[in-house]
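Encoded as structure tokens, the structure appears first; notes follow it.
Predicted, not measured: the structure shown is a model, and the values here were computed from it. Both ligands and their constituent atoms are indexed starting at 1 by order of listing. Only this structure's heavy atoms are used, side chains among them; waters, hydrogens and symmetry mates stay out.
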Amino acid sequence: MFIIKVLILIFIFITIMESLTTQLLQEIKKNKKYSSIADEIVLEEINNHLKKNKVEKITKQDIKEIRSKLHRLYSSYLRGKKSKRTKLLHELKNVISREDTSKKPLGVVDIINKILSTAVSAKERLEDYEEIYNKIFQITDKPKTIIDIGCGLNPISYPYMQIDNLNYFAYDIDNEDINFLNEFFKIMRPFGLNGNAQILDAKNLTNVSMIPNGDIIFLLKLIDLINTKDAKPGEELIKILMNKTKFIVASFATRTIGGKPMNLPRRKGFELMLERINLKFEIIKTRNEIFYVISR
Ligand SMILES: C[S@@+](CC[C@H](N)C(=O)[O-])C[C@H]1O[C@@H](n2cnc3c(N)ncnc32)[C@H](O)[C@@H]1O
């Protein structure tokens with residue numbers, strides 16, 4: 001009898017929690033800014049919130065707190081409206097249909113730069129992209145396959161890589177970004193870019209372990225986002241990815257969001273972690289960013 005009562009209580013508790021979770025998911029996604037983030041990511045933040053707070057009835061404060069966590073992860077990196085970049089993609093398609101694909105796609109660079117400028121990290125890198133890829137590929141050689149996790153709009157910088165044929169697997173957590181990148185990949189296929197974009201949560205290490213192998217794996221400005229005070233999946237992520245590649249390129253901002261240089265641009269904690277798990281690294285610095293080219 002006692003066991004049945006306990007089971008009924010557990011059942012009621014699970015039903016209440018599920019209904020709270022579903023309601024919160026709907027409420028959070030009502031705001032356009034969060035509507036295209038993968039459910040998996042939003043649900044993770046909801047569950048973290050429900051674990052830390054006693055929620056019986058959803059309040060505005062609950063929604064505000066969860067949205068602000070999601071803002072840090074994703075939405076603060078977009079500049080301007082997504083409709084602008086969609087228009088630019090149409091322009092790119094039109095220009096490319098008139099280009100001679102046997103030549104380098106120079107005619108498209110102007111539009112590419114405008115698309116890159118719609119994402120904060122890519123815009124900051126605009127003047128440095130050529131130098132960054134030159135220096136990375138001096139260490140790694142030019143890759144045949146790149147894996148880019150938490151990619152944002154970085155795959156759009158393909159023309160700066162100066163590689164004639166490249167397989168590019170791009171992963172992020174926003175459905176609209178993923179669709180946008182797949183459209184871009186279709187347009188760029190005549191220029192030797194064979195790309196595919198998919199939803200992937202970098203913290204879901206089971207799913208990460210199923211991605212394909214690559215010559216280089218990019219984790220550009222991602223690790224600071226997935227590591228929190230309570231959990232640091234970054235180390236395990238690097239260990240798993242090192243079985244899939246010879247080189248991981250991880251980067252960190254060296255300026256604050258306000259644009260001021262950081263006091264400690266080198267990431268000593270990160271460097272010590274790499275040494276502890278027996279990985280070597282070389283450093284490349286630009287005005288805004290520090291890159292670690294990591295290998296065994
Ligand atoms: C600072 S932006 C950097 C974008 C790109 N890597 C670059 O450097 O241009 C961080 C990116 O990581 C993505 N992101 C955040 N959390 C993630 C997670 N758990 N898994 C995969 N991507 C994530 C965001 O959606 C965003 O596009």
Numbered atoms of ligand 1 (with element) below 4.0 Å of [X], judged on heavy atoms:
X: Ile226; value: 19 (N)
X: Lys221; value: 1 (C), 10 (C)
X: Leu220; value: 3 (C), 5 (C), 6 (N), 8 (O)
X: Arg125; value: 7 (C), 8 (O), 9 (O)
X: Leu200; value: 20 (N), 21 (C)

Contacts of Lys5 that satisfy salt bridge (Lys or Arg N to Asp or Glu O under 4.0 Å) - sequence neighbours left out | none
Closest heavy-atom approach to atom 19 (N) of ligand 1 among Asp148, Asp174, Ile41, Asp201 is made by Asp201
Of Leu222, Asp172, Leu116, Ile156, the residue with the heavy atom nearest atom 27 (O) of ligand 1 is Asp172
So, Glu289 and Arg255, do they make that salt bridge, N to O below 4.0 Å?
-> no
Decide, yes or no, whether a salt bridge links Lys82 with Asp174 under the criterion of side-chain N to carboxylate O below 4.0 Å.
-> yes
What is the distance from atom CG of Leu166 to atom NZ of Lys144, rounded to the nearest 0.5 Å?
-> 11.0 Å
Taking the six-membered ring for Trp, are Tyr160 and Tyr129 parallel (under 30°), tilted (30 to 60°) or perpendicular (over 60°)?
-> parallel
Contact partition for Cys151 relative to ligand 1, non-hydrogen atoms under 4.0 Å | backbone
Under-4.0 Å heavy-atom contact with ligand 1, by part of Leu225 that carries it = side chain
Would you name the heavy atoms of Ser209 and Lys244 that are closest together and state the gap between them?
-> O-NZ, 3.0 Å
Do the side-chain N and O atoms of His71 and Lys33 include a donor-acceptor pair separated by under 3.5 angstrom?
-> yes
